[in-house]
Amino acid sequence: MIATAEQQKKGMYENVMEQFHKTADTMHLNPNIRKILGITNNEIIVHFPVKMDSGKVEVFTGYRVQHNNALGPYKGGLRYHPTVDVDAAKALAMWMTWKTSLAGLPYGGAKGGIQIDPRNYSMGELERITRRFTYALGENIGPEHDIPAPDVNTNEQTMAWIADTYMSTKNPSERSQNQHVVTGKPVGSGGLEGRDRATGYGVYLTIKLWHESKGETLKGKTFIVQGFGNVGHWVSRFMEQDGAKLIAVQDAHATLFNLEGIDVNDLFEHSKPRKGSIKGFEGAKEMEPEDFFAIPCDVVIPAALGNQITAANAHKINAPLIAEGANGPTDNEGEAILLEKGITIIPDILCNSGGVIGSYFEWLQNRNGELWQLDEVMLKLQKKLTEVFLKVEKMVDEKDVDWRTAAYMLAIARIETAYIQRGIFP
Ligand code: GLU
């Protein structure tokens, strides 16, 4: 089953720090830059009251951690989940710094959210929680300073509320200049055509490129997906379009399999009225959650939460490729086992970077008062991601390192160069 809240949180920060120091050693990172990148610049914690439907007031705690902004404004999602705390946000913010740097974007890294299970609140309550959180963050976010986006359990509606609240605190004449305070907005409110599928598309594209470099296509390949939210659902659609077969899927409620193939659209239609849950789908059978990762297949796609592939289950994995749709789904012990077995891991900061690249396009669109078309967006995304993928692949070959180390080396080197060129104030 998807790991418990405690298991998901455990060691996320230690994980990312260990990955960072390992790479810093391999690339002989300048020791001053190592000190700077080893800390998070700002850790903002806000407490704010919200009136519930019952008339009672509840106090919530929200977080925004800004890791580094050497390359541009802070960028990264806001998640609503019981696992959100300072350490989780610190780890996720650091991953965002590497992700934006690797993609060559003019951004730094941040992450935040609220420690709640949104299923326990009505739409009206979620709207008031979101708006009050935005108000409490105040000028800690801003279109040229720190730009949130959707993440686990937040979506375009959440972003629309944040944008509206933030813009409402400005002079009417400045309102439209502040629309790009968040990305991932609904298309009718400054959102980008295609931002919804950008992350899933990117995951699919990296899987496809990996196979192409081996002279293979996705036709007839089998894959399993953990998580059927925005990322899991879209990646499955794109894989299916190329002739690959979804044979198992797991979410917080159920683990399903069908070796003949699960129809992605049917599963999506089933989950829609059930708050996204896949439970009860008739086109597949339920199986023991512990056996999910043991299913033999061509690609494993963890697209749910952190710390899912660990020492407890990595040895069971029976696939040549893992594509990290989620952030931090493989912990370091799990990774060591997988690498030992010769399994390739396309790391999160490359694999799921289509989302933040799409966010960058949306930000540019808003900033320049433009409207981009879907085909134009998808083409630009494909071009950008392919370029990044090939760079990482080259590094893997040249330095004879695993994919995560190669991606980290490229990401960290870009920030190191910027610091060395500019020096440290004062
Ligand atoms: N939450 C997404 C991520 O982890 C997107 C971040 C963004 O677009 O700023 O990459």
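Whatever order the structure lists them in is the order used to number ligands and atoms, beginning at 1. For reference, positions follow the sequence shown, starting with 1.
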Enquirer: In terms of atom number and element, which parts of ligand 1 are under 4.0 angstrom from non-hydrogen atoms of Met96?
Expert: 3 (C), 4 (O), 6 (C), 10 (O)
Enquirer: Quick one: does Thr183 get an N or O within less than 3.5 Å of an N or O on ligand 1?
Expert: no
Enquirer: How far is atom 1 (N) of ligand 1 from the closest protein heavy atom, and which atom is that?
Expert: Asp151 OD1, 2.7 Å
Enquirer: Gly184 near ligand 1, heavy-atom distance under 4.0 Å?
Expert: no
Enquirer: Quick one: do Arg404 and Glu324 make a salt bridge, cutoff under 4.0 Å?
Expert: yes
Enquirer: Give yes or no for whether the N/O distance cutoff of 3.5 Å, strictly under, is met between Asn352 and ligand 1.
Expert: no
Enquirer: Going by the order shown, which atoms of ligand 1 are within less than 4.0 Å of some heavy atom of Lys111?
Expert: 1 (N), 3 (C), 4 (O)
Enquirer: Going by the angle between their ring planes, with limits at 30° and 60°, are Phe268 and His233 parallel, tilted or perpendicular?
Expert: parallel
Enquirer: Should we say atom CD of Glu340 is surrounded by more than 12 heavy atoms from elsewhere, each under 6.0 Å from it?
Expert: no
Enquirer: Just to be sure I'm reading this right: ignoring hydrogens, which of Ala149, Ser353, Gly328, Pro150 gets closest to atom 2 (C) of ligand 1? Compare them by their nearest heavy atoms.
Expert: Pro150
Enquirer: Are Asp117 and Arg119 close enough for a salt bridge, meaning some N to O gap below 4.0 Å?
Expert: yes
Enquirer: Enumerate the atoms of ligand 1 whose separation from the nearest heavy atom of Lys75 is less than 4.0 angstrom.
Expert: 7 (C), 8 (O), 9 (O)
Enquirer: Suppose I only count heavy atoms of Arg195 and a 4.0 Å limit; which atoms of ligand 1 are within that range?
Expert: 5 (C), 8 (O)
Enquirer: Looking only at protein heavy atoms, which one is nearest to atom 8 (O) of ligand 1, and what is the separation?
Expert: Ser359 OG, 2.5 Å
Enquirer: Do Lys90's NZ or CZ and the ring of Tyr13 fall within the cation-pi criteria of under 6.0 Å and 45°?
Expert: yes
Enquirer: Relative to Phe60, does Arg132 satisfy both conditions: NZ or CZ under 6.0 angstrom from the six-membered ring centre, and within 45 degrees of the ring's axis?
Expert: no
Enquirer: Should you measure from each heavy atom of Lys99, which atoms of ligand 1 turn up under 4.0 Å away?
Expert: 3 (C), 4 (O), 10 (O)
Enquirer: At under 4.0 Å between heavy atoms, which part of Thr199 makes contact with ligand 1: side chain, backbone, both or neither?
Expert: neither
Enquirer: Does atom NZ of Lys380 have more than 12 heavy-atom neighbours, drawn from other residues, nucleotides or ligands, at distances under 6.0 Å?
Expert: yes
Enquirer: Validate the cation-pi geometry between Lys208 and Trp210: distance from NZ or CZ to the six-membered ring centre under 6.0 Å, angle to the ring axis within 45°.
Expert: no
